[in-house]
Chemist: 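Would you mind keeping the following structure in view while I ask a few things?
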Amino acid sequence: MVDTPGLAAEWLNCLQDSGYKLTRTRRVLVELLASSTRAYGPIELYDAARERCPGLGLVTVYRTLEKLEELSLVQRLHQPDGCHRYLRATQGHQHVMVCSGCGEVEVFSGDNLEPLFHRLADQTGYSIEQHWLQLFGLCPACQAAERQAEA
Ligand SMILES: [Zn+2]
Ligand SMILES: [Zn+2]
């Protein structure tokens with residue numbers, strides 16, 4: 001379990017240590033990202049934060065995300081459509097499953113990937129050192145919403 005208020009405070013300390021002023025806007029962005037298991041696209045984060053910061057600019061959102069990524073507090077997820085979503089950084093080596101509907105994320109560890117890697121190594125002659133696994137799909141809630149829309 002992640003201690004959310006503690007995590008947000010930690011991030012704010014990190015930002016401050018690296019010379020960032022802790023404006024109200026940055027606090028709101030940090031709280032949203034630190035408290036969520038979902039991955040936000042920049043526009044989604046902007047929309048979510050604007051409820052609390054009406055004067056928020058999109059550029060501030062991009063800059064804050066960039067800074068948080070630089071500090072390894074959030075990780076950037078690449079999506080099939082070429083857009084990015086940002087997720088609070090996971091602990092250690094994890095595999096990530098992202099809902100393409102709502103951005104909800106499941107992290108999972110545990111590989112049964114070794115046989116695949118061995119086969120690929122044999123086929124290509126590569127010595128495989130690391131992997132980064134990310135899956136895309138629809139979460140149960142989004143599947144249910146889709147079924148309801150079809151009914
Ligand atoms: Zn979903
Ligand atoms: Zn793995």
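Numbering of ligands and ligand atoms starts at 1, following listing order.
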Chemist: Would you say that more than 12 heavy atoms from the other residues, nucleotides or ligands in this model lie under 6.0 Å from the CD of Q134, or not?
Modeler: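 Count over threshold, so yes.
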Chemist: So, are E66 and R63 salt-bridged, with charged N and O less than 4.0 Å apart?
Modeler: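 No, this pair does not count.
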Chemist: Vertex the Zn ion (ligand 1): angle to SG of C142 and SG of C102, to 10°?
Modeler: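 Seen from the Zn ion (ligand 1), SG and SG are separated by roughly 110°.
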Chemist: To the nearest 10 degrees, how large is the angle at the Zn ion (ligand 2) between H95 NE2 and H93 NE2?
Modeler: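 Taking the Zn ion (ligand 2) as the apex, I get 110° for this pair.
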Chemist: Given the Zn ion (ligand 1) as the apex, I'd like the angle to SG of C99 and SG of C139, rounded to 10 degrees.
Modeler: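 Between SG of C99 and SG of C139, the angle at the Zn ion (ligand 1) is about 110°.
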Chemist: If the threshold is 4.0 Å, N to carboxylate O, is there a salt bridge linking R38 and E104?
Modeler: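 No salt bridge links R38 with E104.
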Chemist: For the residue pair Q79 and S100, confirm or rule out a side-chain donor-acceptor distance under 3.5 Å.
Modeler: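 S100 and Q79 do not have a side-chain donor-acceptor pair below 3.5 Å.
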